[in-house]
Amino acid sequence: MAAASPFSEEDLLCPQCSEIYCVPVLLKCGHNICKVCLQKFWECKGCRECPVCRAVSVPGRPPINLALKIAADEYQVRRASGNQEICFLHNEKLKLFCQNDEQAICLVCHTSKQHKVHDCCPVEEAAQQKKAEISAMLEALRKKLRILNMTKEHWEGTKTYIQTQANQNEKVIKEEFQKLHLFLWEEENTRLKVLKQEEEIKTQVMCKKLENIKDKIETLSSTISDIETALRAKDLPFLQDYKQTKKRGKCNIQKPESIRDILINSAKHLGSLKFGIWKKMANIVKYVPITLDPNTAQSNLKFSDELTSVQYISKQLVPDNPERCTSRVCVLGATGFRSGKHSWTVEVGKSKDWYIGVARESIKRKTAVFLNPAEGFWVIGLSNGDSFWAQTSPRTKLMLKQKPERITVELDCDKGKVLFINADDLTTIHMFKERFTERIFPYVSPGLFEGGKISSPLTICPLTITVDVE
């Protein structure tokens with residue numbers, strides 16, 4: 001058996017960093033410290049104390065403990081190149097595992113000061129235990145990796161969908177502005193045409209007036225010239241032509257008339273020009289009190305360009321973002337309400353199945369829920385084209401005189417009321433009473449239609465736009 005090292009493994013550990021010595025230096029007090037560890041300690045403390053006993057060291061560089069450095073270097077070499085099953089310190093077979101230091105040791109190590117009181121067990125037993133522990137850690141890591149890969153795939157899909165959304169929105173915005181541009185262009189041409197017509201008519205009037213006055217000027221100028229010639233004649237000839245000259249001098253040319261309203265009516269063309277155009281635009285634009293939010297919609301729903309109408313169609317590829325409702329075929333409004341009164345009218349038309357009303361913000365969107373107030377829904381609906389229900393718990397059948405085609409939802413957040421009214425005859429259909437503690441959102445759910453492929457649209461009715469001046 002090879003000679004054992006004069007230093008134990010414990011002797012080779014730096015008291016500051018607890019690692020094998022790297023360039024150990026010897027202090028005056030007799031303690032050894034890694035050179036780098038000592039320099040860091042002194043810089044941190046601001047004085048030359050020993051990290052172990054706090055004794056003040058003498059000025060100057062402490063000497064390197066060459067014997068200890070050689071032993072530490074040899075230990076590192078033996079550990080790197082030696083038999084992995086033999087103790088580097090005692091050349092004994094590694095048969096035990098120290099649970100405290102988490103390293104394999106020999107029987108001599110177990111009796112040493114460093115490991116004597118530690119919890120140790122046979123290598124085979126420890127390996128089985130630690131392999132099970134690492135296997136559990138590995139499975140947890142694999143699970144995290146699967147989650148990360150799935151999330152990455154989901155986020156890549158979301159990124160692509162964002163680009164698709166942006167392109168679709170850009171297309172709609174351009175189309176809507178094109179309509180506005182066309183309206184403005186047509187309005188501009190109409191107004192310019194009216195201006196041009198007025199200019200032509202008034203120019204023609206002035207041309208006729210000018211021709212008339214030119215004739216009068218020419219006649220009067222000729223008369224004046226003849227009279228001036230007569231005045232320059234001798235007395236007898238003048239008197240002989242006197243009657244004729246006098247008659248010509250009595251030329252009956254009246255004073256030119258004042259032409260009223262002949263100028264371009266600028267006040268008509270320019271006065272409140274923008275306001276007039278804006279007021280006229282009210283005939284081509286629509287305003288709805290709520291907008292549907294496609295980011296909350298189930299994947300089978302399709303919307304109109306301005307997000308005021310929704311219907312059930314074939315499934316679309318959309319990301320499963322946190323806001324999206326996947327447990328029910330529904331969509332929420334884009335704006336939630338905490339206070340005040342709010343109302344909107346939904347045109348249900350000839351749909352055979354639908355649900356409309358309100359829902360609180362915290363509804364479960366990914367798991368199955370019941371449409372009732374306990375789950376955060378205050379809605380009414382139509383089933384099979386003939387049965388109307390208020391989604392209470394249990395649900396209440398509604399007896400209606402006539403089938404409504406437009407239903408107004410009135411929400412009073414402060415008084416905790418949700419009222420449903422037949423917009424055609426203004427009769428009350430049903431009313432919920434509740435104490436709302438969070439934001440409330442409009443709720444719309446178009447049902448399946450014939451064949452389960454498409455449904456009649458549910459549409460938020462536009463309000464009448466008036467432009468008033470106070």
Side-chain angles (χ1 to χ4, degrees), residues 166-289 291 304-308 461-470:
N167 292 335
Q168 292 174 344
N169 290 350
E170 180 182 356
K171 178 183 177 183
V172 173
I173 290 172
K174 286 183 176 180
E175 289 175 351
E176 293 303 316
F177 269 94
Q178 188 174 5
K179 294 176 184 177
L180 294 175
H181 293 158
L182 179 60
F183 166 80
L184 291 174
W185 181 80
E186 291 176 347
E187 184 68 15
E188 177 188 2
N189 283 346
T190 300
R191 289 175 177 265
L192 290 177
K193 185 177 180 180
V194 171
L195 174 62
K196 190 66 177 178
Q197 289 175 345
E198 183 180 357
E199 178 194 9
E200 290 175 353
I201 292 172
K202 292 187 173 180
T203 299
Q204 288 177 1
V205 171
M206 288 309 301
C207 286
K208 291 181 180 180
K209 297 289 185 183
L210 284 170
E211 288 178 4
N212 181 264
I213 202 169
K214 284 179 182 179
D215 291 341
K216 291 180 179 180
I217 289 172
E218 185 176 345
T219 300
L220 186 58
S221 297
S222 177
T223 300
I224 291 172
S225 178
D226 291 344
I227 292 175
E228 287 175 344
T229 302
L231 288 174
R232 289 194 296 271
K234 294 184 179 294
D235 293 344
L236 185 58
F238 170 75
L239 292 174
Q240 289 174 339
D241 295 331
Y242 170 72
K243 287 184 178 182
Q244 185 65 26
T245 303
K246 182 180 179 180
K247 183 179 180 179
R248 296 192 68 181
K250 292 181 179 180
C251 180
N252 189 21
I253 296 179
Q254 297 179 355
K255 182 181 178 180
E257 63 177 319
S258 296
I259 307 175
R260 301 183 64 85
D261 298 327
I262 193 62
L263 299 181
I264 295 295
N265 191 347
S266 298
K268 168 188 171 184
H269 297 291
L270 303 181
S272 299
L273 176 61
K274 298 184 185 69
F275 177 79
I277 297 172
W278 177 42
K279 189 172 182 179
K280 197 170 181 180
M281 287 181 71
N283 297 323
I284 67 167
V285 298
K286 295 180 180 180
Y287 172 76
V288 293
T291 299
S304 61
D305 287 343
E306 292 193 1
L307 307 177
T308 59
C461 298
L463 301 180
T464 300
I465 299 176
T466 58
V467 181
D468 296 324
V469 179
E470 295 183 358

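Pairing each heavy atom of V288 with each of P462, the nearest pair is CG1-CA, 3.7 Å. When every heavy atom of P289 is checked against every heavy atom of C461, the shortest pair comes out as CD-O, 3.9 Å. Of all non-hydrogen atoms in N265 and K202, the two that sit nearest each other are N-NZ, 4.2 Å.
Atoms CG and NE2, from L192 and H269 in turn, are 10.0 Å apart once rounded to the nearest 0.5 Å. The structure places CD1 of I264 at 10.5 Å from CG of L270, a figure rounded to the nearest 0.5 Å. Going from atom CG of L195 over to atom CD of E200 covers 10.0 Å, rounded to the nearest 0.5 Å. Between the CG atom of L239 and the OG1 atom of T245 there is a distance of 10.0 Å, given to the nearest 0.5 Å. The distance from atom CD of E198 to atom CG of L263, rounded to the nearest 0.5 Å, is 9.5 Å. For the atom pair N189 CG and K193 NZ, the distance stands at 9.5 Å (nearest 0.5 Å).
Taking a 6.0 Å sphere around CZ of F275, one finds it holds more than 12 heavy atoms contributed by other residues, nucleotides or ligands. Within 6.0 Å of atom CD in Q178, 12 or fewer heavy atoms from other residues, nucleotides or ligands are found, so the atom counts as exposed in its surroundings. Residue-environment remark: CG (N167) exceeds the threshold of 12 foreign heavy atoms within 6.0 Å. L180 CG: more than 12 foreign heavy atoms inside a 6.0 Å radius.
For the pair E257 and K209, the minimum side-chain heavy-atom distance is below 4.5 Å.
The side chain to side chain donor-acceptor pair (under 3.5 Å) test applied to K171 returns no partner, not counting sequence neighbours.
Judged purely by atom type and a 3.5 angstrom limit, S304 uses its side chain to pair as donor or acceptor with the backbone of T308. In this structure, the side chain of T219 engages the main chain of D215 through a donor-acceptor pair within 3.5 Å.
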**Item:** Verdict with reasoning, K214 to E218, per salt bridge (charged side-chain N to carboxylate O under 4.0 Å, His left out)
**Value:** CA-CA 6 Å; K214 284 179 182 179; E218 185 176 345; over 6 Å; no
**Request:** Could you give me the CA-CA distance, side-chain angles and deciding distance for E306 and K286, then say whether salt bridge (charged side-chain N to carboxylate O under 4.0 Å, His left out) is met?
**Result:** CA-CA 10 Å; E306 292 193 1; K286 295 180 180 180; over 6 Å; no
**Asked** Which is it for E199 and K196 under the salt bridge (charged side-chain N to carboxylate O under 4.0 Å, His left out) test, yes or no, and what are the steps along the way?
**Response** CA-CA 5 Å; E199 178 194 9; K196 190 66 177 178; 3.4 Å; yes
**Message:** The test is salt bridge (charged side-chain N to carboxylate O under 4.0 Å, His left out); show your working for K179 and E175 and say whether it passes.
**Reply:** CA-CA 6 Å; K179 294 176 184 177; E175 289 175 351; over 6 Å; no
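Ring orientation note: the planes of H181 and F177 are tilted relative to one another, at an angle of 30° to 60°.
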